[in-house]
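Remarks on the structure that follows.
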There are 2 protein chains.
Amino acid sequence: MAVHDAIDVLSGKWKITIITCLLFGPKRYSEIMRDVKGISGKVLSRELREMETNLLISRTVIDTQPITVSYALTEYGQSVQPIITVLSAWGQTHREQISKK
Amino acid sequence: MAVHDAIDVLSGKWKITIITCLLFGPKRYSEIMRDVKGISGKVLSRELREMETNLLISRTVIDTQPITVSYALTEYGQSVQPIITVLSAWGQTHREQISKK
DNA sequence: CTGTATCCTGATTGATACTG
DNA sequence: CAGTATCAATCAGGATACAG
């Protein structure tokens, strides 16, 4: 089922957050680290590599001293924005629903 | 962030599949067990209880001999259908994207 | 039929220290 | 700055047996 392709690619505790963070433009490793609160370096680099493999983001080494690396959403990566929007809207409803109890 | 409320409620390996399965109408425990291939009894009952707590499904005991239990999506539970649709559409695109490599 | 209890295993995560 | 290596801890999930 196609749903699971999406879930596999987007699941994990951080991918959606990382994508959301990159929606505002390219960021460097340390910037993402700062914005995505609570993630460890190891996990961040693994998530980034997976997302690069899945063509969601691009990785560009900028040859300064010391080097910096820029991560950006690909056009394809930007296509998950609707998903985030829908999830966000639904999550909002969920909060209301639960608070009725 | 609201996105995470949605993710928390819908995450886990099976919830989306269970919801999809219930989209076609109420089902009994053993029917869900049969339709959702690969799930264990323990995990199924835990997922169902969580979803009941989150008001996604309702649980009705039918007092036959032996007893049966009917699970149905609440109106609220049905509201996740758009999410499934979006995920499914995106998952389809994803498959195409990956196969280009 | 509809579950619960127990035990087990592999995957995920995180803290810390370290490298180029 | 941008990672990787290592180790320890946690946890989700599964098999099986059993109970109401």
Side-chain angles (χ1 to χ4, degrees), chain A residues 1 3-22 25-54 56-73 77, chain B residues 1 3-22 25-54 56-73 77:
Chain A
M1 214 193 306
V3 198
H4 287 104
D5 294 331
I7 293 178
D8 287 347
V9 173
L10 299 175
S11 72
K13 203 171 166 183
W14 304 105
K15 294 213 181 68
I16 296 280
T17 311
I18 295 171
I19 293 174
T20 305
C21 156
L22 289 178
K27 292 228 166 60
R28 285 179 300 128
Y29 182 86
S30 54
E31 291 177 303
I32 301 175
M33 196 71 170
R34 201 181 331 114
D35 291 357
V36 180
K37 296 178 205 328
I39 197 169
S40 71
K42 170 182 146 186
V43 174
L44 176 55
S45 70
R46 200 202 47 220
E47 300 279 83
L48 288 170
R49 257 182 289 116
E50 282 179 25
M51 293 166 76
E52 195 191 352
T53 303
N54 288 321
L56 292 172
I57 61 175
S58 63
R59 179 179 181 277
T60 313
V61 177
I62 299 164
D63 201 2
T64 50
Q65 191 54 253
I67 62 164
T68 58
V69 180
S70 177
Y71 292 96
L73 285 182
Chain B
M1 211 194 306
V3 198
H4 286 103
D5 294 331
I7 293 177
D8 288 346
V9 172
L10 300 176
S11 72
K13 202 172 168 182
W14 303 107
K15 294 214 182 66
I16 296 279
T17 310
I18 295 170
I19 292 173
T20 305
C21 156
L22 288 178
K27 292 226 167 62
R28 285 182 300 128
Y29 182 86
S30 52
E31 291 178 302
I32 301 175
M33 196 71 170
R34 199 181 332 114
D35 290 359
V36 179
K37 298 177 203 331
I39 197 170
S40 72
K42 169 183 147 187
V43 174
L44 175 56
S45 70
R46 200 201 47 220
E47 300 278 83
L48 288 171
R49 257 181 290 116
E50 281 180 25
M51 293 167 76
E52 195 191 353
T53 303
N54 288 320
L56 292 173
I57 61 175
S58 62
R59 178 180 181 276
T60 312
V61 176
I62 299 166
D63 201 0
T64 50
Q65 192 52 256
I67 62 165
T68 58
V69 180
S70 177
Y71 291 96
L73 285 182

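Letters go in sequence order (proteins before strands), and every chain restarts at 1. Note that this is a predicted model, so its numbers are computed, not measured.
No side-chain heavy atom of B:I18 sits less than 4.5 Å from a side-chain heavy atom of B:I57. Considering only heavy atoms from C-beta on, B:I19 comes within 4.5 Å of B:M51 through its side chain. With contacts defined as side-chain heavy-atom distances shorter than 4.5 Å, the pair A:D35/A:T17 does not qualify.
Taking side-chain N and O atoms only, A:T68 has no distance below 4.0 Å to OP1 or OP2 of D:dC1. Side-chain N/O atoms of B:R49 include one lying less than 4.0 angstrom from OP1 or OP2 on C:dT4. Distances shown here put a side-chain N or O of A:R46 below 4.0 Å from the OP1 or OP2 atom of C:dT13. In this model, the phosphate group of C:dT2 is not approached by any side-chain N or O of B:R59 to a distance below 4.0 Å at OP1 or OP2. Contact between the side-chain N/O atoms of A:S40 and the OP1/OP2 oxygens of C:dA15 is not found at any separation under 4.0 Å. Applying the 4.0 Å criterion to OP1 and OP2 of C:dG3, one finds that B:Y71 has a side-chain N or O inside that range.
Between the P atom of C:dT13 and the CD1 atom of A:I39 lies a distance of 9 Å, rounded to the nearest Å. At whole-Å resolution of the value, CD1 in A:I32 and C1' in D:dG3 are 13 Å apart. Rounded to an integer number of Å, the gap from A:K13 NZ to C:dT12 P is 13 Å. Between the C1' atom of D:dG20 and the CG atom of B:D63 lies a distance of 13 Å, rounded to the nearest Å. Look at CE on B:M33: it is 14 Å from P on D:dG13, rounded to the nearest Å. Computed from coordinates, the B:E50 CD to D:dC11 C1' distance equals 13 Å when rounded to whole Å. Residue A:M51 contributes atom CE, which lies 14 Å from atom P of D:dG3 at whole-angstrom precision.
Projected onto DNA chain D by closest heavy-atom contact, A:S45 and A:P66 fall at different nucleotides, the more 5' of which corresponds to A:P66. A residue-by-residue look at A:I67 and A:G38 shows that A:G38 has its nearest nucleotide of DNA chain C further toward the 5' end.
Between C:dT2, D:dA2, C:dA15, one nucleotide has an atom nearer to the side chain of A:K42 than all others, and that is C:dA15. Comparing C:dG14, C:dT2, D:dG3 by their nearest atom to the side chain of B:R28 picks out C:dT2.
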Could you walk me through whether A:L44 and A:M33 pass the side chain to side chain contact (heavy atoms under 4.5 Å, CB included) test, one step at a time? CA-CA 7 Å; A:L44 176 55; A:M33 196 71 170; 3.7 Å; yes
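Closest approach of B:L10 to B:I16, counting heavy atoms only: O-CG1, 4.2 Å.
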